[in-house]
Amino acid sequence: MVAEANYWIIWLIYLAASGVFFALVWFLTAFKSAAWSSYSLRSVAAAIILTPWYANTQGESFAPALMVMTLDLITIGGEAINRAAIPLLLSVIAAEVAATLFYFIQKRR
């Protein structure tokens, strides 16, 4: 029971820190003349920050995919990063598609 409580507390701390980091990214990417670049950079940052993946191959707990990928690289080796890199890459692609669609919808108005 304590481990589960710690799991949720750690996720809340991670999400709070991610919110602060994303607010900084939002402020730094507030381009007036290049709106698509703003949308694109923000969506990639959100995808990288918020994509979860399984912390280990047998477990059911999630961790941020970027952390899983980094720790797999450090502990297991370069061939293990595909386990978390593929979902991370797919989420970045989906974020780019969503940002592009959002840009064209906003541009049309």
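Values reported hereafter were calculated over all heavy atoms of this structure, with side chains retained and with hydrogens, waters and symmetry mates removed.
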Q: Taking all non-hydrogen atoms of both residues into account, name the closest pair between Ala47 and Ser91 and its distance.
A: CB-O, 3.7 Å
Q: Apply side chain to side chain contact (heavy atoms under 4.5 Å, CB included) to Val68 and Asp72, showing your working.
A: CA-CA 6 Å; Val68 172; Asp72 281 352; 3.8 Å; yes
Q: Check step by step if side chain to side chain contact (heavy atoms under 4.5 Å, CB included) holds for Trp53 and Arg83.
A: CA-CA 9 Å; Trp53 195 244; Arg83 185 173 73 88; 3.8 Å; yes
Q) When the ring centroid of Trp36 is compared with that of Tyr39, is the distance short of 6.0 Å? A) no
Q. Just wondering, do Leu15 and Leu50 contact through their side chains at under 4.5 Å, heavy atoms?
A. yes
(Q) Between Met67 and Val25, is there shared hydrophobic-cluster membership here, with clusters defined by ILVMFWY side-chain heavy atoms closer than 4.5 Å? (A) yes
Q: Only counting residues at least two apart or in another chain, list the ones meeting side-chain hydrogen bond (donor to acceptor under 3.5 Å, both in side chains) with Ser18.
A: none
Q) Any side-chain heavy-atom pair from Tyr14 and Ile49 closer than 4.5 angstrom? A) yes
**Q.** For the student: nearest non-hydrogen atoms of Ala84 and Ala65, plus distance
**A.** CB-O, 3.6 Å
Q: Give a yes or no on whether Phe31 atom CZ has more than 12 heavy-atom contacts from other residues, nucleotides or ligands under 6.0 Å away.
A: yes
Q. With a 4.5 Å limit on heavy-atom distance, are the side chains of Leu66 and Thr51 in contact?
A. no
(Q) Which heavy atom of Met69 sits nearest to which heavy atom of Ile81, and what is that distance? (A) O-CG2, 3.5 Å
